[in-house]
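The chains referred to below are lettered A, B, ... by the order of the sequence lines, with proteins before strands, and numbering in each begins at 1. Please read these numbers as outputs of a predicted model, since none were measured by experiment.
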There are 2 protein chains.
Amino acid sequence: MVVTLKDVARASGVHTSTVSRAFSASHLVNPETRIRVLAVANELGYRPNRAARALSTRRTGNLGVIVADIANPFFPPLIKAAQDQARARDHHVFIADTDERIDVEEEAVRSMVGQVDGLILVSPRLSDRRIRELADEVPLVVVNRRLRRLPCVLMDVGEGIRLVVGRLADLGHREIATVLGPPASWTGRAAVRAAEETAREHGVRTYRVGPHQPTEEGGAAAFDAVLDLGVTAVLAHNDLMALGLLRAARERGVAVPERLSVVGTDDTLTARHTRPALTTVAMPVEAAGRAAVDLLLRGADPEVVTLGTRPVERDSTGPAPRG
Amino acid sequence: MVVTLKDVARASGVHTSTVSRAFSASHLVNPETRIRVLAVANELGYRPNRAARALSTRRTGNLGVIVADIANPFFPPLIKAAQDQARARDHHVFIADTDERIDVEEEAVRSMVGQVDGLILVSPRLSDRRIRELADEVPLVVVNRRLRRLPCVLMDVGEGIRLVVGRLADLGHREIATVLGPPASWTGRAAVRAAEETAREHGVRTYRVGPHQPTEEGGAAAFDAVLDLGVTAVLAHNDLMALGLLRAARERGVAVPERLSVVGTDDTLTARHTRPALTTVAMPVEAAGRAAVDLLLRGADPEVVTLGTRPVERDSTGPAPRG
DNA sequence: AGGATGATTGCAAACGTTTGCATCAAACTC
DNA sequence: GAGTTTGATGCAAACGTTTGCAATCATCCT
């Protein structure tokens, strides 16, 4: 039924080890033999059994990427970039979606350990301790979370956020709210920290709302609280939440940006198509995906790659309304 | 370093086979022994080696899902639904993105054969023949493509399209364009067929534009041709392309829906947030994901599951402009 | 010429599980 | 109480590769 090395060996009159070498160590076998063996293998329709190979070599040729939510438009470009890079390095990528749930994340990780040569955890929700434990079992790199002595790829949201907040201050805003996403989000905390710091420097007051789910619904749910604060501008944890805020604003008849300026984070494709188009902070997602794969496959010493971010000003922000 | 069955066996004074059975055939081992063994295994931090298990049993506990483009918002909900269903059936899901490229699809399929117990091909671009060949190597189910004697999950776009076209006819439209996506798209062809059929019944003329890439850019690229035809309504292959049409219309100063009605397909999340909000045909993506997993794991006779679709009328469609 | 070198191949032992079969004791059957 | 079933475990052969080692043979060097 299924063709194995042994079949190919028998059919071409050599030992299985020679066939094996013809495939994976071609310099160790006579060119003529190699060609003959490959021809026979091809004719028989031989396909190497990856499980067996993995058992023997302890390498699978697969990488795992674990993300919180593929439906969140932030992740797909990162995944695709990682995939391209991995393909270029002769590896394949398995993706798992954790549904923003820590138990599912744990399970996904567990299922991948042992069938991949390395793991990329994107914005993981697991505890630092758990991640370090995992790092002992399998090579891994963490994206958007800082862990000492582990390879990390970080997007410096602070950079973009500082510029955005400065810009809002220039536009006359004196009170800004930040809408929080998952408490375990490293970037989220970094963004809030940068926002509050910059605001203080500019004599702008800040308030926090949330945490809420990092979804459109989560953003909508935060709207009333934002309104009650009486702020003139709001920074959302991501574009999805900003979308929810925009929708809620429209439903409540609050004009954006005339009465309230709304800023997202991520610059996902949809940001351009909201009504009004969303001002947001663009993240270097493709670069992050590629960097993560490189870090993983290079297998070098723990290293931190930091990538910059920049604000994209569109129509959801404007001058503060006159008091 | 890494703990194997043998280690657990030695530490708990039984044979490896007993340890193995304690895990995967617990009714064959004395309850007391089992508990002791499991305790020891747990303490030692034993994790079964999946490659070894796969080699021995020829089953991996993994399913593969292959999609054209995870960045296309049509796919993630399907993937997530499949993932949930698989998890409920004690399986894991590996995802691969083919980037809409047939060679990458071939490669992705190849890499998965042998490391999954079954494959779900969503809107595959491979030839019928190739898919049938694959079906001999690995159990598979095809989503949104009809192949005799293979298990398929189909979304009956025709149903929704017929209703939409009827509605456009009622609104006074007499000339409609369809913008084509990838020629290999089964749903695309079904949709166009349904549209043209229904149009004919209503005495409405139809034109075809394309094919173009099923992306926002593709949609924008089609706009001029649509405009030249002088039609009053256009059906896009998917929401992304409709988005592109909307953007191009705005840039060219063509009012939607006053001068041109635009209809998408898929009802992705973004459809709600375009300006104007997009009229589209909602697809039963979650149901399809679940059905595909069920078909695969049930392993029953080839079976075809057909799921209905329905139009969602929003603001991008309206009465035809008076001639 | 005689030994050293290098290229090519075969041999066989891993890799970590699962599983059919054999074994053995204890518990039944009549 | 001899024979039979039942339950629990061990034994060893798979599963399909890879790879260190040894064997063979031709070639090269001096």
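Here dA14(D) presents its P atom at 17 Å from CG of N49(A), a figure rounded to the nearest Å. Rounded to whole angstrom, the span from the CZ atom of R36(A) across to the P atom of dT8(C) amounts to 13 Å. What separates CG of D7(B) from P of dC15(C) is a distance of 11 Å, to the nearest Å. Going from atom CG of L5(A) over to atom P of dA14(D) covers 18 Å, rounded to whole Å. In this structure, K6(A) atom NZ and dT18(D) atom C1' are separated by 15 Å, rounded to whole Å. If you measure from atom CZ of R50(A) to atom P of dT17(D), you get 12 Å, rounded to the nearest angstrom. To the nearest angstrom, C1' of dT18(D) lies 12 Å from CG of L55(B).
Between E106(B) and the options R130(B), R101(B), R125(B), a salt bridge (Lys or Arg N to Asp or Glu O under 4.0 Å) holds for only R130(B). The side chain to side chain contact (heavy atoms under 4.5 Å, CB included) test with L78(B) is passed by exactly one of I120(B), V122(B), V67(B): V122(B).
In the set dG16(D), dT17(C), dG10(D), the nucleotide with an atom closest to the side chain of T4(A) is dG16(D). Considering only side-chain atoms of S56(B), the nucleotide from dT17(C), dC15(C), dG16(D) that sits closest is dT17(C).
The stretch residues 16-35 of chain B comes close to DNA chain C through S17(B), S20(B), R21(B), S24(B), each having a heavy atom under 4.0 Å from the strand.
A donor-acceptor pair under 3.5 Å is formed between the side chain of D97(B) and the backbone N or O of I70(B). A donor-acceptor contact shorter than 3.5 Å is absent between the side chain of S12(A) and the backbone of V14(A). Side-chain atoms of T33(B) never come within 3.5 Å of backbone atoms of V29(B) as a donor-acceptor pair (strictly under, hydrogens ignored).
Taking all atoms of both residues into account, the shortest heavy-atom contact from P182(A) to E100(A) is CG-OE1, 4.1 Å.
Taking only side-chain nitrogens and oxygens, H15(B) never comes nearer than 4.0 Å to OP1 or OP2 of dT9(D). Close to dG16(D), at under 4.0 Å from its OP1 or OP2, lies a side-chain N or O of R58(B).
When the nearest nucleotides of DNA chain D are assigned to V14(B) and R53(A) by heavy-atom distance, the more 5′-ward of the two goes with V14(B).
Under a 4.0 Å N-O distance rule, the pair R145(A)/D128(A) qualifies as a salt bridge.
Residue contacts shown for R59(B) are absent, as no nucleic acid heavy atom lies under 4.0 Å away.
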